Amino acid sequence: MLKDKSELSRTELERLGEFGLIDHLAEGTKLVQPSSIMGIGDDAAVIELKNRSILVSSDMLMEGVHFDLAYTPLKHLGYKAVAVNVSDIAAMNGTCSQITVSIGLSNRFSLEAIDELYEGIWQACAHYRCDLVGGDTTSSRAGLVISITAIGSVESEVLTTRGKAKLHDLICVSGNLGAAYIGLQILEREKQVFLSDSEMQPQLEAYEYIVGRQLRAEARTDVVAWLKEAGIVPTAMIDISDGLASDLLHICKQSGVGAKVYEDKLPIDATTKDTALEFKLNPTTVALHGGEDYELLFTVDQENHAIIEGQSEISVVGHITDASQGATLASIKGDMVELEAQGWRHF
Ligand code: ADP
Ligand code: MG
């Protein structure tokens with residue numbers, strides 16, 4: 001459907017062999033972090049992080065489970081694979097300084113295809129200022145597999161877990177919600193149109209923003225930087241990968257609290273709203289349960305209300321309650337709806 005450069009010329013991976021491929025990848029990799037003492041090329045990378053808590057997080061992406069190459073350009077996939085790992089480090093209020101990338105490849109992939117993938121990986125590394133310091137390369141019979149480990153750090157005093165939200169804290173979200181999920185619905189729809197008539201070209205222009213949110217996720221490292229600048233240490237934080245409801249429930253469970261969220265406070269982009277309605281989906285449901293937004297969900301002490309209110313990129317969507325109240329949504333109509341990890345049936 002989407003043609004990438006890799007289809008125009010093709011170099012078989014066999015011609016390079018595993019070591020040739022690793023040398024080729026090492027050549028394109030530049031290190032910028034002073035903490036990266038040694039990168040690709042030895043038995044292990046060497047990293048020196050001083051006086052900080054070290055953060056390590058991994059994510060594995062499998063073709064057919066997490067991505068569909070019919071509509072995912074390899075460059076975007078590489079970028080997103082890094083971004084979602086950096087997002088996990090950001091969710092601890094930390095910064096990512098190194099990543100490792102392990103790939104499983106079949107002979108379906110050419111050197112040009114791997115170059116496209118790494119183009120995206122390198123682009124994300126440059127954007128987030130983290131170094132690619134190692135990985136592993138193996139053959140795969142089950143399609144493309146990408147496993148990334150992110151290494152980062154945080155000053156121990158500002159480390160933020162899911163576990164310390166307290167009564168009356170404000171519940172905040174960055175950016176807007178549901179865009180990535182609704183973008184995926186567009187891509188799936190256009191794929192079906194293409195499969196039934198290969199002459200049809202995808203109609204994506206009107207949906208550029210939401211499709212971009214699906215294909216090219218960003219980690220909210222800017223929000224972590226802003227919190228630091230503002231002198232705010234969240235009491236709890238998580239990145240929204242499974243949807244606001246499900247991720248807020250993680251905070252509630254791990255902090256031993258309840259939560260009240262207001263439907264009219266949920267940040268939903270206009271295109272997300274219109275497209276949800278086009279698919280006969282309730283925009284609120286999409287915002288609560290659509291995954292892959294990679295926005296940050298965090299709680300702060302009430303005393304920060306004025307500073308947070310002045311930030312256009314951060315919305316206060318509710319507050320923390322006693323555990324006995326559970327996690328609920330106050331709807332625009334005035335009903336109280338219990339939040340569930342997958343609560344489609346309530347709407
Ligand atoms: P070993 O046999 O010790 O596992 P490898 O031959 O797998 O070593 O890897 C050699 C070097 O290349 C190591 O530094 C490793 O981290 C790096 N490396 C291997 N595969 C990748 C990859 N896909 N991306 C980045 N670095 C890689
Ligand atoms: Mg190895």
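Here the structure is a predicted model, which is why all the values come from computation and not from measurement. Numbering of ligands and ligand atoms starts at 1, following listing order.
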Please determine if Gly135 has a nitrogen or oxygen closer than 3.5 Å to a nitrogen or oxygen of ligand 1. yes
Is Lys273 salt-bridged to Glu278, going by a charged N under 4.0 Å from an acidic O? no
Which bit of Ile22 is near ligand 1, meaning a heavy atom under 4.0 Å away: side chain, backbone, both or neither? side chain
Candidates Ala45, Gly41, Gly39, Gly28; heavy atom nearest atom 11 (C) of ligand 1 found on Gly41
Counting neighbours of CD on Glu14 that are heavy atoms of other residues, nucleotides or ligands and sit closer than 6.0 Å, is the number greater than 12? no
Counting from 1, what ligand 1 atoms have a heavy atom of Ile40 closer than 4.0 Å? 12 (O), 14 (O), 17 (C), 25 (C), 26 (N)
Considering Thr138, Thr29, Asp43, Val101 one by one, which has a heavy atom nearer to atom 3 (O) of ligand 1 than any of the others? Asp43
Hey, does Thr137 come in under 3.5 Å of ligand 1, counting only N/O atoms on both sides? yes
Look at Lys166 together with Asp301 and state whether they make a salt bridge at an N to O cut-off of under 4.0 Å. yes
Answer with side chain, backbone, both or neither: which part of Asp42 has a heavy atom less than 4.0 angstrom from an atom of ligand 1? backbone
Which residues pass the salt bridge (Lys or Arg N to Asp or Glu O under 4.0 Å) test with Glu208, sequence neighbours left out? none
Please determine whether a side-chain nitrogen of the Lys or Arg among Glu218 and Arg220 lies less than 4.0 Å from a carboxylate oxygen of the Asp or Glu. no
